[in-house]
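Some notes on the structure that comes next.
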Amino acid sequence: MHTGLIPYLQSLRIHLRLDTRAEATVAEEVSAHMEDQVQDLVAQGMSVEEATRRATESFGEPRAFAARMYAAYNQGTWVEAGLAAMPHLFGALLFANHAWLDLRLLALTLVAAVAMSVTGWVRGRPVWWYPWLGYALLPVLATALLTLSIFGQAIFSFAINRYANLHALAWVALALYLVVALAAFSYVLLRISRRDWVYASLMVLHLPVLVISLLLLERWNLQRFVAADDSAALMFLFLALATAAFIRLGHRFLKIGVVLVITPVFFLLATQATRGTQSPIVIIASLTSLLLLLTPAALAQASGPRVKQTPDVARDPSGRVK
Amino acid sequence: MTFERELLKGSTESIILSLLLREPMYGYRLAREIEQRSDGYFKFRGGTLYPALHRLEREGMIEGKWQSTPGMQQRRYYFITEKGRTSLSRRTAHWRGFADAVSRVIMPDVSAT
């Protein structure tokens with residue numbers, strides 16, 4: 001490879017935000033195109049330096065070219081939009097039919113989420129994969145929060161009564177589980193945030209609904225909570241529409257717009273669900289929603305520039321990406 | 001210039017599909033072929049060509065495969081699919097109707113002869 005092409009190709013790799021296989025293919029294709037163009041221009045009498053400059057100019061600024069490739073890859077088809085919206089539609093159906101109380105259906109939904117997550121991971125993490133992964137990780141997060149709650153109650157009990165209602169081994173086990181569960185969730189969120197925080201936000205889009213639901217469940221009795229199932233179904237339906245819009249939109253700034261519009265809509269829906277009687281909870285939930293949805297952006301920023309390693313993708317005997 | 005750019009934007013995919021209908025090609029060769037067949041009128045830059053190629057591939061109109069060139073270099077050749085042929089046929093029919101209608105309005109004397 002002509003050394004003059006390397007800086008452009010390195011810069012392109014940094015700005016490309018595609019799945020692993022696609023990134024490797026695009027990078028190799030661009031490299032091959034530039035090599036051919038330089039070869040032809042040199043054969044026509046141009047200097048290598050001038051030919052290299054012309055070849056890189058034909059692709060434009062790396063960031064702009066990467067943005068066009070992003071739009072080409074990230075404007076999902078209607079099928080992909082439907083697949084991505086499906087877990088939220090399941091949630092809407094569960095709440096609309098008060099079926100979320102049925103543990104078998106919940107377990108079935110979880111199994112489907114895990115199966116789709118594994119399928120998507122094997123297929124190179126397509127755009128529809130992220131919402132499914134978010135639901136597959138939900139039990140990890142939910143049990144971690146439950147563990148935290150048990151811890152909190154045990155600590156409170158010890159502080160007030162000087163009596164720990166937990167065996168010493170239980171303390172250790174719970175602490176260990178909490179650390180492992182939160183570390184696992186954080187690792188996945190960080191990995192995806194580093195690649196593209198917008199998709200990490202898509203992955204956790206459903207969490208604010210969970211936060212609102214848990215907060216309301218604590219304040220209300222079960223009967224009153226079940227009576228608000230229609231509002232929860234509406235929230236999940238809105239999530240499904242927002243997810244489908246996210247997938248169908250090509251430009252990244254439009255996808256970010258969809259993520260940002262979630263919080264005020266949740267605020268309105270939650271206010272409507274609580275008939276305005278739980279304003280503090282709604283405000284806390286809305287702020288938590290914004291925090292959850294923007295955490296991936298903060299993680300991506302904190303982790304610094306994206307340094308690409310050679311991706312681990314399947315290659316044929318000649319070394320080309322399959 | 002803006003008019004020409006808009007006209008090209010709407011024709012890019014049709015141009016690519018029509019060439020791939022003739023024979024499979026890789027990106028650089030496709031760009032050269034477009035320039036030669038249009039007598040230099042179209043100069044497809046890499047920054048325009050590859051997003052269009054990958055978009056067509058994602059839509060199932062074409063399929064990319066790494067193959068050896070006659071010079072034993074590995075290049076990603078694009079093949080038109082059945083879906084791509086159907087789409088091209090539809091686009092060509094629309095283009096003929098559009099071009100005829102525009103010609104009749106803009107150049108009525110030429111269209112009449």
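Naming convention: chains lettered A, B, ... in sequence-line order (proteins, then strands); numbering from 1 in each chain.
For B/S18, the side-chain hydrogen bond (donor to acceptor under 3.5 Å, both in side chains) criterion is met by no residue, not counting sequence neighbours. Every side-chain hydrogen bond (donor to acceptor under 3.5 Å, both in side chains) that B/S68 has, sequence neighbours left out, goes to B/Q74. Residues passing the side-chain hydrogen bond (donor to acceptor under 3.5 Å, both in side chains) test with B/R37 are B/E33, sequence neighbours excluded.
Annotation: residues 71-89 of chain A contacts chain B through A/A72, A/Y73, A/Q75, A/G76, A/T77, A/E80 [non-hydrogen atoms, separation under 4.5 Å].
Side-chain rings of A/Y70 and A/H15 stay apart, their centers remaining 6.0 Å or farther from each other.
The 12-atom threshold is not exceeded at CZ of A/R123, counting heavy atoms of other residues, nucleotides or ligands nearer than 6.0 Å.
In this structure, no portion of B/R29 lies under 4.5 Å from any heavy atom of chain A. Contact annotation for B/E59: neither backbone nor side-chain heavy atoms come within less than 4.5 Å of a heavy atom of chain A.
Remark: B/F44 CZ to A/S58 OG distance equals 13.5 Å, nearest 0.5 Å.
When each of B/R55, B/R58, B/R45 is checked for heavy-atom pairs under 4.5 Å with chain A, B/R58 comes out on top.
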Inset, instruction - Could you please spell out the steps behind the salt bridge (Lys or Arg N to Asp or Glu O under 4.0 Å) verdict for A/R17 and A/E23? - result: CA-CA 8 Å; A/R17 293 177 188 273; A/E23 265 187 26; over 6 Å; no

